[in-house]
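Report on one structure; see the data block that follows.
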Amino acid sequence: MGNCSQGCQHYFCRPKNTNVRVSLPAVCFVWQVAMIILFGVFVRYDKEADAHWSETKKEENITSNVENDFYYRYPSFQDVHVMIFVGFGFLMTFLKRYSFGGVGFNFLIAAFGLQWALLMQGWFHSLDPVTGYIYIGIENLINADFCVAGCLIAFGALLGKVSPVQLMVMTLFGVTLYAVEEYIILNLLHAIDAGGSMVIHIFGAYYGLTISWVLYRPNLHQSKRLHGSVYHSDVFAMIGTLFLWMYWPSFNSAICYHGDGQHRAAINTYLSLAASVLTTFAISSLSAKRGKLDMVHIQNATLAGGVAMGTAAEFMIQPYGALIVGFCCGIVSTFGYLVLTPFMEKCLKIQDTCGIHNLHAMPGVLGGVVGAITAATASNAVYSPEGLINTFDFQGNFATRSVTTQGAYQAAAMCVALIFGIGGGALVGLILRFPIWGDAEDDNCFDDEVYWEVSGTTEADVFTLHTPSYFSLQSV
Amino acid sequence: MGNCSQGCQHYFCRPKNTNVRVSLPAVCFVWQVAMIILFGVFVRYDKEADAHWSETKKEENITSNVENDFYYRYPSFQDVHVMIFVGFGFLMTFLKRYSFGGVGFNFLIAAFGLQWALLMQGWFHSLDPVTGYIYIGIENLINADFCVAGCLIAFGALLGKVSPVQLMVMTLFGVTLYAVEEYIILNLLHAIDAGGSMVIHIFGAYYGLTISWVLYRPNLHQSKRLHGSVYHSDVFAMIGTLFLWMYWPSFNSAICYHGDGQHRAAINTYLSLAASVLTTFAISSLSAKRGKLDMVHIQNATLAGGVAMGTAAEFMIQPYGALIVGFCCGIVSTFGYLVLTPFMEKCLKIQDTCGIHNLHAMPGVLGGVVGAITAATASNAVYSPEGLINTFDFQGNFATRSVTTQGAYQAAAMCVALIFGIGGGALVGLILRFPIWGDAEDDNCFDDEVYWEVSGTTEADVFTLHTPSYFSLQSV
Amino acid sequence: MGNCSQGCQHYFCRPKNTNVRVSLPAVCFVWQVAMIILFGVFVRYDKEADAHWSETKKEENITSNVENDFYYRYPSFQDVHVMIFVGFGFLMTFLKRYSFGGVGFNFLIAAFGLQWALLMQGWFHSLDPVTGYIYIGIENLINADFCVAGCLIAFGALLGKVSPVQLMVMTLFGVTLYAVEEYIILNLLHAIDAGGSMVIHIFGAYYGLTISWVLYRPNLHQSKRLHGSVYHSDVFAMIGTLFLWMYWPSFNSAICYHGDGQHRAAINTYLSLAASVLTTFAISSLSAKRGKLDMVHIQNATLAGGVAMGTAAEFMIQPYGALIVGFCCGIVSTFGYLVLTPFMEKCLKIQDTCGIHNLHAMPGVLGGVVGAITAATASNAVYSPEGLINTFDFQGNFATRSVTTQGAYQAAAMCVALIFGIGGGALVGLILRFPIWGDAEDDNCFDDEVYWEVSGTTEADVFTLHTPSYFSLQSV
């Protein structure tokens, strides 16, 4: 896949043209106009956001405005929103000359993706068959942000190697696939995945990795001079890391059921994240000469505990269970950066810029497994009968489902996410290989200059580009 | 106005002295002492923040502490607070050598302004005629932050060209004018402006632009070497942009009425902002050679959707309406940066450092117009009778006002904001021309060294200052 | 203490070995495993986070999920969480070559400290004597973050001079001491300290200062080239400053009692912080040639108002009282940086990297004194009888305590915090002097290269290191 076959060489391997002056504005305008039309036809406020709410309150005998779902979920929504734009955005500023692209393209595709997600998820989850309208409220906004997160994870694998137009296409398809996959997992299989270990992380990671595999660049080493960080860009990336880390309890608890569900999810995630920090530091130090820590590990693997608590966030896995999950994830994820990323690039021809396989794919799978096991072993004693029904939503068609069955469906859900990620990634990767999207040559990757006006360069940057080897301060 | 007339040349054009060692501490101390005295005479906790709350609860038959307004508004307040200090502050760090001034003076004038705003707004809105006290609670804190936002917008036009003492004077008068203007608009005209398109943005922008016009510096080109960004300062500015962008739904919903009002305002703003991101990227790309994006547009015009949803935030403009508003704003604002800012500097002698005309003035006017139209076309069918009363506060003296009349008053409110901005700006600009405030020479603007101890400069900065033209990495 | 006595010279003064490849992973693993075991034995969810909550609601006749403490405290918790990781972390990035260490080690010790704090505080405050379990909920998470804050304050005095292993040991003992001290102050003395002026700030600051005194480095001037900031590192530090400043109202109100308590604490802290900004700018300008401001003061002393409102946060000190507290703190703290820090280093042999004596110790003492006085002068008229009971928790064994007695106990609490800080610091300092912890030589402090892989250095950095004197841009 990495090498063009003879047949299509003329088409697929002609010189690259990075001019996006027509394609990028065209895509932005067409898709934004499409959004306006589709929102006009389909989207309205839900009853808690509609001006008829005062009537609804009377009808449903709601005594206080504070029962409006807005007050239950808005603080969590804002935390999630920060994760999407500042968290993911700044985490991707770590490259020495791709900070504009990291934070800027993240901004672009998230802003587009959330609109398309409101529609796609709305059609599957919130469409009123009588009126034909999608009614949106605060929970839809959170879910749209979640959906976008899947595409931003995929962006992590592609960072620096694709054009903004490709990213828009990747997001359009990614959101579509996500909505279908989410519908199958949450509605048809009725699996629980409040923080999206499977729905978001497994799907997003394998989607991005597969696209990266299809778009393999054999001569990427020609951009080696730009493929690394400088001192300040690593500090910028820590802004992203910390906002992701701090707000992850809100991410995993944002759409849990009211009361103990949200409360427990926040506690579990808080603990799991704390544990993964310690094991990340441990493995990072253990693996280097003189025990020196590596910023790449600290920026990424410390977050693995949050990924892996996604599925079981609201389960009664107990505080020590959350610590164990975080403990394992920190180790697995850091080893991934040390061993797997180089292996994948060399042997599997998967170039994974941000190491999403280590931060999202493996901890996501771990999270799915933990979820399946803890679901299968849930009991009335631990949850109370009503608690079990609340947690696993054993109502309606699923009222008689046993916890063992639930565990099996959780495992099946993991496979669905994997299949959608890999299948969708292969398809979209092929689409992105068309030589019309304005991506850069192999020797011009990881460079903001291709798509951004860079007003001034500094001597420091020029200097660094030509002395990638470390220049000891002591020896000067 | 830009050139000194002969008559006052001796006074107004003598050499500048940037020593603020007496004036800045004097202003800070005198005004802080005045605040303490005035707060001592006038300000007390309101009933929801007073220790008598447990008695109030019994008297007013309130059953739960959660009905305390604190729990409805505190999360939004904190988001607004972040916008004021990190949002505005970091947005103004984009200049290569004025980051200390951008974030530091923003900090100073916001911290002073909010105290004065609590008093000024208190006298107009919260003064108890019986006790003579202003009773403050969480809503007053939000309104004080809002009021400060008006002055920080004005600061954007003056960035790098005025002394901290001038900024303090500008804030003192700005807050005073704002409080009067706000009283006229919200109380006398009874216009609705939850997110302040008119009260905050139109007023703040024209206030700043008029001051900038009065303080026109004909030889500002002598500071050209410092009038631009470097790579890292643009990334710092993106911190400001993103926190403003993410928390704008909280800004526009913070003082909406409880329940569906806050809920709807958040949804509308979220959507409008998303749409303006796409059109900003589109126009930015369309306007440049090879479609290269410009960080100035991305940092600013993406926010225009939030500004323009200020007035109509809680109106039933429907999700597609919000998207249309954002769509238009992104285009208008980006064109402003491309066309209007150079034109204004050259032909109108208005030097607008941050381009507040594009980000605040034009989207603010658009927001006011949208508010007037949507108010005039509101109906019982769309809002429900009770919803209409809640949204437009048709109570007391205004119980019989029709929506058409409301629309007219909304339009009148826009004119009031404009008049206060321009008139107040002219007055304050004249005051700031007195040569006692410690501002810098034309060849010494945009330079932190004038007012800050800058502990070390780097070779990189020195280098950049002398090679403003772009230095291609590939050609080295 | 600063000089080795002859007797132990062989042991304590042998050449330093900064290799932490064994010790750091060992400490991380052993302690994380210990946490898992202890959590397994001791920690469970409290009733509001347990799946039995639906049963609890029926038993306790709770009608709405919104009464779950999660919804009262979670927004404040997240703000506190940001202060701990981004606030403290980025405040410590100001050194030119120790930004990784500042934000990274802050991350490590906070993530470890909060786990140990949940246990230690749990044993003292939340242990159920019947079941032997500690039940944790959102309030425990906030308290754990508070406890960690004490150790991070101490870290500020040691920044750049100790190894990560020493920091882990310092945190282990610090959290332990904190939990005992907190138990004595809050439970035995029944003092009020919602925002921790005494419990957190006095203890943390004197703990760190005493350790710094014991670990005195006579030849630290050999690292002078790295002991300062560069332009960008000062801007990074402002991120920390602003997030601390903005969220401090949440810090001081996070564990206040529901309703007016939280509301009033937020207002008081907001005002106190605003006042300390103005006096900080005033003194900073007054003290320098030509009135130039110093970033060190702006980054730190502006926060003193928040520290000093910790104890009296929920007291009825009235808005002007809060302003007076902030006014004094800004002055005291800035003078500390100007006068006391150099004096302490020269005469008392206390090397205080971040100036925690000025930001935490002195404002903390001031806060303790304000708390004692305002408690002693509280009255039924001001608080209402029920308000007085709520604010000072005059229930159970303390139902008959008078406000004068309360004032005396508040003063006693301050002494307890001081004694624990100094005594604990001396003990832990001695432990940290063992030459097994991997700290650096005196000529190698404040350097990230010792414990971090620094992937690239820039010419700018190299240049700056050798020209610490200021290099005028104009003269080039």
Side-chain angles (χ1 to χ4, degrees), chain A residues 66-67 71-72 75 79 228-232 234-235 238-239 242 245-247 250 258-260 262-264 266-267 270 274-275 277-279 281-282 285-286 288 290-295 298 316 318-320 323-324 327 382-384 386-387 390-391 458-460 463-464 468 470-471 473 476, chain C residues 18-21 24-25 28-29 32 35-36 39-40 43-45 48-55 64-66 68 70-71 74-75 78 81-82 85-86 89 93 99-100 103-104 107-108 111-112 114-115 136-138 141 232 236 239 449 451-462 465:
Chain A
V66 85
E67 291 294 333
Y71 299 103
Y72 283 95
D79 295 349
S229 63
V230 285
Y231 196 72
H232 287 310
D234 269 328
V235 183
M238 278 304 288
I239 297 174
L242 288 175
W245 195 91
M246 296 179 304
Y247 285 154
S250 299
H258 295 171
D260 62 296
Q262 287 196 285
H263 202 151
R264 195 161 56 248
I267 295 172
Y270 173 91
V277 173
L278 268 89
T279 48
F281 271 82
S285 176
L286 199 59
R290 303 188 58 73
K292 288 191 186 188
L293 298 159
D294 188 330
M295 265 311 222
I298 310 306
M316 292 285 291
Q318 298 301 349
Y320 69 89
L323 289 179
I324 293 171
F327 185 91
V382 173
Y383 284 80
S384 84
E386 198 174 331
N390 284 340
T391 307
T458 65
E459 173 122 306
F463 180 89
T464 312
Y470 184 65
F471 197 87
L473 295 175
V476 177
Chain C
T18 61
N19 190 335
V20 291
R21 190 169 179 180
L24 182 57
C28 288
F29 270 123
Q32 189 58 58
M35 289 302 115
I36 291 173
F39 269 66
V43 183
R44 295 295 180 271
Y45 307 116
E48 297 186 302
D50 194 282
H52 290 78
W53 163 248
S54 45
E55 293 180 356
S64 167
N65 276 319
V66 85
N68 193 307
F70 181 79
Y71 299 103
Y74 189 70
Q78 274 296 3
H81 216 40
V82 172
F85 290 89
V86 162
T93 59
S99 301
F100 289 5
V103 71
F107 194 16
L108 173 64
F112 164 64
L114 61 85
Q115 298 179 51
I136 62 170
I138 189 70
L141 304 195
H232 287 311
F236 277 121
I239 298 174
E449 249 200 283
Y451 304 112
W452 298 84
E453 306 274 358
V454 182
S455 61
T457 192
T458 65
E459 173 124 307
D461 296 320
V462 176
L465 300 176

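A, B, ... follow the sequence lines: proteins, then strands. Residue 1 opens every chain.
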Checklist entry - If you tally heavy-atom pairs under 4.5 Å against chain C, which of D294(A), V382(A), T279(A), N390(A) wins? => result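 Heavy-atom pair counts peak at V382(A).
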Next on the checklist: Can you tell me which of G40(C), G89(C), P75(C) forms the most heavy-atom pairs within a distance under 4.5 Å of chain A?
Outcome noted: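 If we count pairs closer than 4.5 Å to chain A, G40(C) comes out on top.
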Item to check | Closest-packed option against chain A by number of heavy-atom pairs under 4.5 Å, given F112(C), Y74(C), F236(C) | outcome: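 The answer is F236(C).
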About how many Å separate [atom2] of [Y] and [atom1] of [X], when rounded to the nearest 0.5 Å?
X: L114(C); Y: Y270(A); atom1: CG; atom2: OH; value: 4.0 Å
X: H232(A); Y: T93(C); atom1: NE2; atom2: OG1; value: 10.0 Å
X: Q115(C); Y: L278(A); atom1: CD; atom2: CG; value: 6.0 Å
X: I239(C); Y: I239(A); atom1: CD1; atom2: CD1; value: 3.5 Å
X: H52(C); Y: E386(A); atom1: NE2; atom2: CD; value: 11.0 Å

Within the structure provided, determine whether [X] and [Y] are in side-chain contact (heavy-atom separation under 4.5 Å).
X: D260(A); Y: F70(C); answer: no
X: I298(A); Y: F100(C); answer: no
X: Y45(C); Y: Q318(A); answer: yes
X: F281(A); Y: F29(C); answer: no
X: Y320(A); Y: V43(C); answer: no
X: Q262(A); Y: N68(C); answer: no

Any donor-acceptor pair under 3.5 Å linking the side chain of [X] with the backbone of [Y]?
X: Y71(C); Y: G259(A); answer: yes
X: H263(A); Y: I138(C); answer: yes
X: Y231(A); Y: V454(C); answer: no
X: R21(C); Y: A288(A); answer: yes
X: Q78(C); Y: M246(A); answer: yes

Checklist entry - After noting the C-alpha distance and the side-chain angles of E67(A) and S64(C), does the key distance pass the side-chain hydrogen bond (donor to acceptor under 3.5 Å, both in side chains) rule? => result CA-CA 8 Å; E67(A) 291 294 333; S64(C) 167; 2.3 Å; yes
Restricting to non-hydrogen atoms, name the atom on [X] and the atom on [Y] that form the minimum distance, rounded to 0.1 Å.
X: P25(C); Y: S285(A); result: CD-OG, 3.6 Å
X: A51(C); Y: M316(A); result: N-SD, 3.5 Å
X: G137(C); Y: I267(A); result: CA-CD1, 3.9 Å
X: I136(C); Y: P319(A); result: CD1-CG, 4.1 Å
X: V20(C); Y: G291(A); result: CG2-O, 3.8 Å
X: R264(A); Y: D50(C); result: NH1-C, 3.4 Å

Checklist entry - What class does the angle between the rings of W245(A) and H81(C) fall in, given that below 30° is parallel, 30 to 60° is tilted and above 60° is perpendicular? => result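 It falls in the parallel class, under 30°.
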Checklist entry - Got a sec, which residues hit side-chain hydrogen bond (donor to acceptor under 3.5 Å, both in side chains) with D234(A), two or more places apart in sequence or on another chain? => result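 Result, side-chain hydrogen bond (donor to acceptor under 3.5 Å, both in side chains) vs D234(A): S229(A), Q299(A).
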Checklist entry - In chain order, what residues pass the salt bridge (charged side-chain N to carboxylate O under 4.0 Å, His left out) check against E55(C), with sequence neighbours excluded? => result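 Expected list: none.
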Checklist entry - Taking the six-membered ring for Trp, are W53(C) and H258(A) ring centroids under 6.0 Å apart? => result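 Centroid separation for W53(C) and H258(A): 6.0 Å or greater.
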Checklist entry - Non-hydrogen atoms of chain C under 4.5 Å away: do they reach the side chain of F327(A), the backbone, both or neither? => result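 Side chain only.
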